[in-house]
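Here is the structure we will look at.
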Number of protein chains: 2
Amino acid sequence: METHPRQAKVTMQDVANYVGVSRTTVSFVLNGGTGNGIPQETRDRVLQAVTELGYRPNAGARALAAKHTKLYGLITEIVIAPYAANIVRGAEEQAAREGKTLLIASTDGSSDSDRRAIETMLEHRVEGLIYATSWHRGVRLPALTAEVPTVLVHCFDEAAQLHSVIPDEAQGGYAATMRLIRAGHDRIGFINLDPAIPAAVGRRSGYVCALEEAGIGLDEKLVINEDGEADQGYRAAAALLDGARPPTAIFCATDRMAMGAYDAIKERGFRIGDDISVVGFDNQEIIANYLRPSLTTVALPFRQMGATGVALLAKLAANRDLAPLQHIVECPLVERTSVRLPVPAS
Amino acid sequence: METHPRQAKVTMQDVANYVGVSRTTVSFVLNGGTGNGIPQETRDRVLQAVTELGYRPNAGARALAAKHTKLYGLITEIVIAPYAANIVRGAEEQAAREGKTLLIASTDGSSDSDRRAIETMLEHRVEGLIYATSWHRGVRLPALTAEVPTVLVHCFDEAAQLHSVIPDEAQGGYAATMRLIRAGHDRIGFINLDPAIPAAVGRRSGYVCALEEAGIGLDEKLVINEDGEADQGYRAAAALLDGARPPTAIFCATDRMAMGAYDAIKERGFRIGDDISVVGFDNQEIIANYLRPSLTTVALPFRQMGATGVALLAKLAANRDLAPLQHIVECPLVERTSVRLPVPAS
DNA sequence: CACATCCACTAACGCGCGTTAGTAACGCGC
DNA sequence: GCGCGTTACTAACGCGCGTTAGTGGATGTG
């Protein structure tokens, strides 16, 4: 059983010769719809030859002649924070739906690395560019991006020149807090992130808004800002629980902090989802699913953001003068078992 | 500040006209080394024009003329198991080193999806193909892969026709067990995976080998097979600890099971890394780092496997008749704090 | 029988580029 | 003056393909 390593690639001309028609005819049956006057019989013979010969169009040559590549570029830090990989997933699915191919490159976030990645994309003549980050923040991209429709995902343009797709942090914070309120809690601790970052701002405003709506006064003693890691969640939860008037529920702005909070709660002999409710944020499956009890949390809609980004690219290609917009995607609450059963709606 | 959306792409000819030389000359200074007789002064003028005009070579056209694309394809299930994303990282880094670009596509693992992904790759005339999986197993790829050098990463060809890069599970299991032995343990529980899968086979053989080397008899009562999830780790650890002669250390074949085991151990009032040592496998940062205490575990060398895969591709391109090989990559032990301090080497 | 219509195709151009084969100008030795 | 070797370029082909402008034959129409 011999493989044919150096077998010359079969071209459209080969197919044409094989069938006994011109290359143009082959091109017509392969691309043109039914418009051209080519009878079914010829079509069949061409198609037959294509499979027999194993003909495969050359994407580069096709792009050269047709002047469009059907390529979208995706630049991401996925590599740093794998859990955001679902952005890629969503983007790929949407691209496939639109008949496009995704060229993916990663960046370490430095503007040098960004520039190189974008450069590569442009050399391949992508028809749209998505830049995705692993955490929600403002970015400033090299000016190169002006050459092609660009959409930011999970980040936004500090210069407000580019479209972006970002999660609705406030709504997420609201959903988490409201879930706790509806379970009957009225002293709800909040372990938030560095108040300077967008996620912290949004989640806090959702928290505040939910409390207000429920007529619960905001108690700043119940709010602690940390950096998102598990041990900080542990410390903050411990401080909360050992305080004068401890909360009966804790909303953690990251699942990792919730993971730490679990330890603090368990150490004190409380039972999670019973004595004390916990809600996280991020829906990092690996944590939320396997924590005991499993963690009710708010999902960052990575997959949908990726898809929205690509869909937006298509719109931009059609109309490049669309004013830059922030497209906000909802963060759904994912119910698991760390919150006590809700009080039946009154 | 007007952007120039539809600005026609500048071509090599534009650069030539601008400088007042022929296109060939431009091509020479851009690609040719110093071989051609082009004086520095002309070179400088061309280079100058390139930046002034913002010329960017067209990768497709170049590939068409030069008959090589400098593209490698990477097909992966990254999307299903994000934590294996480091394969992509390693592959990208290596590709960059070799001046290649990575075309990435994902598959859901179905042979249909595989075929489509490979087809896309081939249409783009990749010069090599990497197929990476999220867990170590045998795969069978569509015959299409015969058309281009192919390397499997984190999986192997059931037909033994393709090169593969796989982790040294046995050495990993050995390292984990030996670490425990050197800490003074001689009753070491082992929560393994489904014994049918390669990871379980390898890790067990490493476990057995280490025990043997230390003169510790294998006690099958200390070995439990589970499916890798946290709750199963919990159950298995509980069974081990509640048994007649409980172990003083547990080697878990996944970090997730270690996560569950932690709970079982803590519930029984033992202190991890003190009363009872635990070693995991996978080095899932998000778990291993943030578990309390942090988890000593064995790393799957994703990044290195990715890089090795790409490097292998380069070799294959040079010599397509290399006999299919399994390239085994070491799984390093990552020390954290879940094992009690080692007995000083005697 | 001349002419218009359709049908089923094909010749030929050009996309942007790498590359080969050449050319024109110049200097040098005799 | 001629031959020869450099130096500094350029003309032109072809990569595989989409596409436009045809062409030649069959069929209908008056």
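Residue numbers start from 1 in every chain, and the chains themselves are labelled A, B, ... in the order their sequence lines are given, proteins ahead of strands. What you see is a predicted model, and the numbers here were worked out from it, not measured in a lab.
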Which of C:dC9, D:dG14, D:dG16 is nearest the side chain of B:L64? It is D:dG16
Contacts of B:L30 and A:T24 projected onto DNA chain C by closest heavy atom; the upstream (5') one is A:T24
Closest to the side chain of B:S27, out of C:dC9, C:dG18, D:dC17, is C:dG18
note: A:D14, atom CG; D:dG16, atom P; distance rounded to Å ~ 8 Å
(message) If the cut-off is 4.0 Å, is B:S22 near the phosphate of D:dT10, judged by side-chain N/O to OP1 or OP2?
(response) yes
Taking D:dC15, D:dG18, C:dC9 as options, the one with an atom nearest any side-chain atom of A:M12 is D:dG18
- Query: Is the phosphate of D:dG16, meaning OP1 or OP2, less than 4.0 Å from a side-chain N or O of A:R62?
  - Reply: no
Between CD of B:Q13 and P of C:dG14 the distance, given in whole Å, is 13 Å
Check your understanding: Do B:R97 and B:Q94 get their side chains close enough for a donor-acceptor pair, meaning under 3.5 Å?
Key -> yes
Contacts of B:A61 and B:V21 projected onto DNA chain D by closest heavy atom; the upstream (5') one is B:V21
Under 4.0 Å: is that the gap between some side-chain N or O of A:N58 and OP1 or OP2 of D:dC17? no
Ignoring hydrogens and angles, does a donor from either the side chain of B:R125 or the base of D:dG16 sit under 3.5 Å from an acceptor on the other? no
Is B:K9 salt-bridged to A:E147, going by a charged N under 4.0 Å from an acidic O? yes
From NZ of B:K67 across to P of C:dG18 the rounded distance in Å is 14 Å
Separation of D:dC17 atom C1' from A:K9 atom NZ, nearest Å, is 15 Å
(message) Using a distance-only criterion (donor-acceptor N/O pair, under 3.5 Å, no hydrogens), is the base of C:dG16 paired with the side chain of B:R56?
(response) no
Closest to the side chain of A:N31, out of C:dC9, D:dG18, C:dC17, is D:dG18
In whole angstroms, the gap separating C1' of D:dT7 from CD of B:Q40 amounts to 15 Å
note: A:H124, atom NE2; C:dC17, atom P; distance rounded to Å ~ 13 Å
A:R23 atom CZ is separated from C:dC13 atom P, nearest whole Å, by 13 Å
Quiz item: Can you list the steps and then say if A:T69 with A:E127 is a side chain to side chain contact (heavy atoms under 4.5 Å, CB included)?
Solution: CA-CA 7 Å; A:T69 55; A:E127 292 165 351; 3.7 Å; yes
Taking C:dA8, D:dT10, D:dG14 as options, the one with an atom nearest any side-chain atom of B:F28 is D:dT10
Per-helix bend value, the helix from C:dC1-D:dG30 to C:dC30-D:dG1, C1' rotation axes over five pairs per end, 10° rounding, shows 70°
### Query
Hey, does the side chain of B:T25 come within less than 4.0 Å of D:dT10's phosphate (OP1/OP2), counting only N and O?
yes
Q | Polar side chain donor-acceptor pair, A:T24 to A:S27, under 3.5 angstrom | A | no
Do B:D108 and B:S110 have side-chain N/O donor and acceptor atoms under 3.5 Å apart? yes
Separation of D:dT10 atom P from B:N17 atom CG, nearest Å, is 11 Å
So, is B:T42 close to the D:dC9 phosphate, meaning a side-chain N or O under 4.0 Å from OP1 or OP2?
yes
**Note: B:E123-A:R62 ion pair, threshold 4.0 Å (strictly below)** = no
Against the side chain of A:A65, the closest entry in C:dG16, C:dG18, D:dC17 is D:dC17
Check this for me, if you would: do A:E119 and A:R115 make a salt bridge, where the nitrogen-to-carboxylate-oxygen distance has to be below 4.0 angstrom? no
A:Q48 side chain to A:D44 side chain, donor-acceptor N/O pair below 3.5 angstrom | no
